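Only one structure is covered here, and it is reproduced in the block below.
Computed from a prediction, not measured in an experiment: that's the story for all the values here. Counting starts at 1 for both ligands and their atoms, in listed order.
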Amino acid sequence: MEHQSLNAPTIRRGILFVVSAPSGAGKTTLCRGMFDKFPELRQSVSFTTRPLRSGEQDGVDYHFIDQTRFDMMVAAGEFVEWAQVHGNCYGTALATLQEAAAGGADLLLEIDCQGARQIRDSIEEAVFIFVLPPDFAELERRLRGRDTDSDEIIARRMSNARDEISQAHWYDYLVLNDNLAQAGRRFSAIIEAERCRTRLLIDFLSQQFVTN
Ligand code: 5GP
């Protein structure tokens, strides 16, 4: 007999993973690794007014829209959360979460702390993960190494990093990214463990192991 995967939508509800980090902590690289490792994990594509960076693709990295369209979406209540980050607007569309939930998919959301807080207030069972750099000096070194931003932007990102890290205490998990491979293992372990939660598998338990 073939056994059904415990990740099948018929077996359990999808999980919403919310990931935050100061820019330069390695969140995007780590999340990319998770999408490779767990092909069934879905990526939430946010809307932003920030200009497209080289190497990015509209509809893949973000939906790049102008301020007028963003404001219209806010007014129409289309965002489950939105925030201003580094002078640009970013938002998660309610429709993105609804589509994933309808398909029973696990969804990974990469958003800032303000947005994560809004999600926490409305979606109790979401899983909150914060990616930490080893220290501030290494964070600044990584930001400079990226070579995409001016000194002024880097200074702003460093100051924002301090604010963001001051929020890390309320997240469910802290993933220290001192070494990418190790951080990837920590992140995978969180995903695997959350998928084993009894409350998610309670129907599976009673269907598969009926004891009366
Ligand atoms: P970046 O411009 O470097 O891609 O992202 C800047 C910041 O915006 C990051 O901290 C990222 O997590 C955050 N961000 C990306 N998408 C969203 C979103 O939909 N909502 C919120 N609140 N923040 C987001």
For Asp112, which residues count as a side-chain hydrogen bond (donor to acceptor under 3.5 Å, both in side chains) partner, sequence neighbours excluded?
-> Gln114
Note: ligand 1 atoms sitting under 4.0 Å from heavy atoms of Arg50 are 1 (P), 2 (O), 4 (O)
Between OG1 on residue Thr198 and CG on residue Leu205, distance to nearest 0.5 Å = 8.0 Å
Is there a donor-acceptor contact under 3.5 Å from the side chain of Asp106 to the main chain of Ile15?
-> yes
Hey, is Glu164 one of the residues with a heavy atom under 4.0 angstrom from ligand 1?
-> no
Judged by non-hydrogen atoms, does Gly91 sit under 4.0 Å from ligand 1?
-> yes
Do Thr48 side-chain atoms and Phe64 backbone N/O form a donor-acceptor pair below 3.5 Å?
-> no
Which ligand 1 atoms does Thr92 reach within 4.0 Å, using its non-hydrogen atoms?
-> 18 (C), 19 (O)
With no hydrogens and no angle check, is any side-chain donor or acceptor of Thr96 less than 3.5 Å from a backbone partner on Ser44?
-> no
Out of curiosity, Ile154 CD1 to Ser23 OG, how far, rounded to the nearest 0.5 Å?
-> 9.5 Å
Flag, side chain of Asn177 to backbone of Ala25, donor-acceptor distance under 3.5 Å = yes
Ignoring hydrogens and angles, tell me if any N or O in the side chain of Ser206 forms a donor-acceptor pair with the backbone of Ile202 under 3.5 Å.
-> yes
Looking at atom 4 (O) of ligand 1, what's its closest protein heavy atom, distance included?
-> Tyr62 OH, 2.5 Å
Minimum-distance protein heavy atom relative to atom 19 (O) of ligand 1 | Ser46 OG, 2.7 Å
Short list, please: which atoms of ligand 1 are under 4.0 Å from a heavy atom of Gly115?
-> 22 (N)
Option of least heavy-atom distance to atom 14 (N) of ligand 1 (set: Tyr90, Phe79, Trp82) | Tyr90
Arg53 neighbourhood, listing ligand 1 atoms whose heavy-atom distance to it stays under 4.0 Å = 1 (P), 2 (O), 3 (O)
Looking at ligand 1, does any of its N/O atoms fall within less than 3.5 Å of an N/O of Ser23?
-> no
Hey, what else clusters with Phe70 if you join Ile, Leu, Val, Met, Phe, Trp, Tyr whenever side-chain heavy atoms sit under 4.5 Å?
-> Phe47, Ile65, Met73, Val74, Phe79, Trp82
Counting from 1, what ligand 1 atoms have a heavy atom of Arg157 closer than 4.0 Å?
-> 3 (O)
Go through ligand 1 atom by atom and flag the ones less than 4.0 Å from a non-hydrogen atom of Glu81.
-> 18 (C), 19 (O), 20 (N), 21 (C), 22 (N)
Give the residue and atom name of whichever protein heavy atom lies nearest to atom 22 (N) of ligand 1, and the separation in Å to one decimal.
-> Asp112 OD1, 2.7 Å
Note: Glu56, heavy atoms under 4.0 Å from ligand 1, region reported as neither
Donor-acceptor pair, side chain of Glu81 and main chain of Thr92, under 3.5 angstrom = yes
Please could you name the atoms of ligand 1 that Ala83 approaches to less than 4.0 Å, counting only its heavy atoms?
-> 22 (N)
Arg162 NZ/CZ over Phe136 ring centroid, <6.0 Å and within 45° of normal | yes
Side chain, backbone, both or neither: which part of Gln114 comes within less than 4.0 Å of ligand 1 when only heavy atoms are counted?
-> neither
From Glu124 CD over to Leu16 CG, what is the distance, rounded to the nearest 0.5 angstrom?
-> 13.0 Å
Backbone, side chain, both or neither: what part of Val85 comes under 4.0 angstrom of ligand 1, heavy atoms only?
-> side chain
Does ligand 1 have a heavy atom under 4.0 Å from the side chain of Phe47, from its backbone, from both, or from neither?
-> neither
Please confirm whether Lys27 comes under 4.0 Å of ligand 1, counting heavy atoms of the residue only.
-> yes
